[in-house]
> 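Okay, handing you the structure first.
On a predicted model such as this, the values are computed, not experimentally measured, just so you know. Convention: sequence-line order gives letters A, B, ...; per-chain numbering from 1.
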Number of protein chains: 2
Amino acid sequence: MADPKKRFEAIIQKLRDNGHKLTPQRLAIVKILAKSEGHPSVESIHVRIKKEFSTMSLATVYRNIVLIKSLGEVLELGFPDGSNRYDGNNPEPHPHVICIKCKKIVDPDLDSLDEMKKEVAVETNFKILNHRLDFFGICGDCMAAKV
Amino acid sequence: MADPKKRFEAIIQKLRDNGHKLTPQRLAIVKILAKSEGHPSVESIHVRIKKEFSTMSLATVYRNIVLIKSLGEVLELGFPDGSNRYDGNNPEPHPHVICIKCKKIVDPDLDSLDEMKKEVAVETNFKILNHRLDFFGICGDCMAAKV
DNA sequence: TGTTAATTGAAAAGCATTATTATTTGATTG
DNA sequence: CAATCAAATAATAATGCTTTTCAATTAACA
Ligand SMILES: [Mn+2]
Ligand SMILES: [Mn+2]
Ligand SMILES: [Zn+2]
Ligand SMILES: [Zn+2]
């Protein structure tokens with residue numbers, strides 16, 4: 001895991017470099033994304049910030065995520081059911097392990113993926129630019145909690 | 001690739017066994033899914049069948065896909081942008097290679113995934129039940145077509 | 001401090017999918 | 001080979017998440 005403070009600074013600097021204003025709402029969103037503990041959703045970001053800024057609009061969270069995404073500083077994990085989770089701590093594509101019970105999302109250590117990518121490129125004659133790998137299952141906590 | 005005729009029969013039999021009627025609309029949908037050439041979308045299935053049944057409703061395509069999915073006879077590839085593609089020829093989870101230019105979807109041969117799944121299970125203490133692996137890139141045809 | 005373009009909040013619009021409902025129809029039975 | 005009836009269909013309305021709109025606000029810069 002990258003240092004959240006360094007990630008925060010890096011994202012802020014990127015915003016500055018591209019001529020974007022640093023509003024309190026924006027800073028609050030970046031702060032949460034820099035850590036991305038548990039891979040937050042738009043909704044959970046909104047709820048957390050509302051405690052401090054009661055007028056914070058959901059549209060503002062969406063808008064800022066679109067902006068930060070366009071700068072390549074947050075990884076969006078969009079799911080077919082329409083839900084989205086974010087990782088601003090590590091914005092590069094990487095595998096995820098998702099608990100279908102408690103919705104926890106974890107970053108596993110896996111290095112065999114690069115080799116796999118090369119295999120696929122050779123076999124299919126594609127130029128591979130990106131990838132997405134999700135494992136779905138039940139986490140240890142939820143297994144233990146089962147009756 | 002499985003034999004489309006055998007897949008067609010298998011899906012039809014599954015429908016019969018579960019007490020579902022075999023309507024002409026349903027048979028037309030199953031026929032396309034059994035082959036799943038190019039991993040069709042709801043829209044492309046609808047367009048193809050409309051040529052024969054001009055009154056075919058889009059809702060009917062959706063309904064039947066939900067049904068066939070519930071019987072485990074089609075794999076749904078849902079994308080974050082809301083689009084969906086289907087594979088009724090091989091309904092088990094498997095990797096896909098997707099061309100971002102022409103939207104072609106290909107099934108690569110990859111066997112190292114099972115091992116990876118075991119690694120992840122051990123490392124994260126999850127019980128892995130399912131997975132999704134997509135590679136995004138540009139296919140040979142689109143590379144060649146580039147000016 | 002004043003100027004200005006970016007950003008915001010609130011509400012409306014957009015859009016793929018799902019639900020509703022009246023009508024039609026496949027399958028079963030005798 | 002009809003009659004029956006639950007299942008399926010077509011058409012349309014509703015849903016729910018995300019984006020857009022627009023007037024008001026504000027960060028940045030001189
Ligand atoms: Mn992650
Ligand atoms: Mn496939
Ligand atoms: Zn869990
Ligand atoms: Zn292509």
Side-chain angles (χ1 to χ4, degrees), chain A residues 11-33 39-71 73-74 76-86 103, chain B residues 11-33 39-71 73-74 76-86 103:
Chain A
I11 299 172
I12 293 299
Q13 195 53 51
K14 193 78 150 281
L15 284 165
R16 249 197 282 263
D17 292 348
N18 288 77
H20 298 289
K21 292 182 181 175
L22 301 180
T23 63
Q25 295 93 331
R26 180 162 288 165
L27 293 174
I29 292 166
V30 172
K31 193 176 175 191
I32 291 173
L33 289 179
H39 298 77
S41 64
V42 168
E43 191 57 38
S44 75
I45 292 171
H46 183 231
V47 167
R48 275 181 64 181
I49 299 180
K50 264 220 153 181
K51 289 172 186 165
E52 201 177 343
F53 299 93
S54 62
T55 63
M56 163 64 84
S57 167
L58 198 52
T60 296
V61 180
Y62 277 109
R63 259 189 306 241
N64 275 282
I65 284 177
V66 168
L67 173 63
I68 297 165
K69 239 192 324 180
S70 76
L71 298 174
E73 294 294 339
V74 67
E76 181 177 66
L77 295 178
F79 294 92
D81 69 355
S83 63
N84 287 288
R85 302 284 288 269
Y86 296 90
K103 311 300 178 189
Chain B
I11 299 173
I12 294 300
Q13 196 52 52
K14 193 78 151 279
L15 285 164
R16 250 197 281 265
D17 292 348
N18 288 77
H20 298 288
K21 293 180 180 175
L22 301 179
T23 64
Q25 295 94 330
R26 181 163 287 165
L27 292 174
I29 292 166
V30 172
K31 192 176 176 192
I32 291 173
L33 289 179
H39 298 77
S41 64
V42 168
E43 192 57 37
S44 75
I45 293 171
H46 183 231
V47 167
R48 275 182 63 181
I49 300 179
K50 264 219 153 184
K51 288 172 187 166
E52 201 177 343
F53 299 94
S54 62
T55 62
M56 163 64 86
S57 166
L58 197 52
T60 296
V61 181
Y62 277 110
R63 257 188 312 239
N64 276 282
I65 284 177
V66 167
L67 173 64
I68 297 166
K69 241 193 322 180
S70 76
L71 298 175
E73 294 294 339
V74 66
E76 181 177 66
L77 295 178
F79 293 92
D81 69 355
S83 63
N84 287 288
R85 303 284 287 271
Y86 296 90
K103 310 300 177 189

> Could you state the atom-to-atom distance from CG of A/D81 to P of C/dT18 in whole Å?
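It works out to 11 Å between those atoms.
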> Checking the side chain of B/R48 only, and the main-chain atoms of B/I32 only, is there a donor and an acceptor separated by less than 3.5 Å?
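Not at all, since once roles are kept as given, no pair shorter than 3.5 Å links the two residues.
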> If you pin B/R16 and B/G82 to their nearest nucleotides in DNA chain C, which one's is more 5'?
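In this pair, the answer is B/G82.
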> Sub-3.5 Å donor-acceptor pair from the side chain of B/R26 to the main-chain atoms of B/K21, do we have one?
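Yes, because the side chain of B/R26 sits within donor-acceptor range (under 3.5 Å) of the backbone of B/K21.
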> Start with the C-alpha distance between A/V30 and A/L22, add both sets of side-chain angles, then the distance that settles side-chain contact (heavy atoms from CB on, under 4.5 Å), and finish with yes or no.
CA-CA 10 Å; A/V30 172; A/L22 301 180; over 6 Å; no
> Flag the pair B/N84 / B/E76 as yes when at least one side-chain heavy-atom distance between them is below 4.5 Å, and no otherwise.
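In contact.
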> Would you mind reading off the distance between B/D17 atom CG and C/dA27 atom P, rounded to a whole angstrom?
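Taking atom P of C/dA27 as the reference, CG of B/D17 is at 14 Å.
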> Rounded to whole Å, please give me the gap between CG in B/L22 and C1' in D/dT9.
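After rounding, the reported distance stands at 15 Å.
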> Considering all heavy atoms of both residues, which atom of B/V61 and which atom of B/I29 are nearest to each other, and what is their separation?
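Taking B/V61 first and B/I29 second, the nearest heavy atoms are CA-CD1, 3.9 Å.
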> I'd like a list of close polar pairs between nucleotides 6-9 of chain C and the protein, N/O only, cut-off under 3.5 Å.
{"unit_1": "C/dA6", "atom_1": "N3", "unit_2": "A/K21", "atom_2": "NZ", "d": "3.1"}
{"unit_1": "C/dT7", "atom_1": "OP1", "unit_2": "A/H20", "atom_2": "ND1", "d": "3.2"}
{"unit_1": "C/dT7", "atom_1": "OP1", "unit_2": "A/K21", "atom_2": "N", "d": "3.2"}
{"unit_1": "C/dT7", "atom_1": "OP1", "unit_2": "A/R26", "atom_2": "NH1", "d": "2.7"}
{"unit_1": "C/dT8", "atom_1": "OP1", "unit_2": "A/T23", "atom_2": "OG1", "d": "2.6"}
{"unit_1": "C/dT8", "atom_1": "OP2", "unit_2": "A/N64", "atom_2": "ND2", "d": "3.3"}
{"unit_1": "C/dT8", "atom_1": "O3'", "unit_2": "A/Q25", "atom_2": "NE2", "d": "3.0"}
{"unit_1": "C/dG9", "atom_1": "OP1", "unit_2": "A/Q25", "atom_2": "NE2", "d": "3.3"}
{"unit_1": "C/dG9", "atom_1": "OP2", "unit_2": "A/S57", "atom_2": "N", "d": "3.3"}
{"unit_1": "C/dG9", "atom_1": "OP2", "unit_2": "A/T60", "atom_2": "OG1", "d": "2.4"}
{"unit_1": "C/dG9", "atom_1": "N7", "unit_2": "A/R63", "atom_2": "NH2", "d": "2.9"}
{"unit_1": "C/dG9", "atom_1": "O6", "unit_2": "A/R63", "atom_2": "NH1", "d": "3.1"}

> Just the rounded figure in Å: distance from P of C/dA27 to CG of B/L15.
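In whole Å, C/dA27 P and B/L15 CG are 11 Å from each other.
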> Nearest whole angstrom, please: distance from the P of D/dC17 to the NE2 of A/H46.
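Going from A/H46 (NE2) to D/dC17 (P), I get 14 Å.
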> Could you tell me whether the side chain of B/D81 and the main chain of B/S83 form a donor-acceptor pair under 3.5 Å?
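Present.
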> Between P on D/dA10 and CD on B/E52, what's the gap in Å once rounded to a whole number?
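B/E52 atom CD is separated from D/dA10 atom P by 13 Å.
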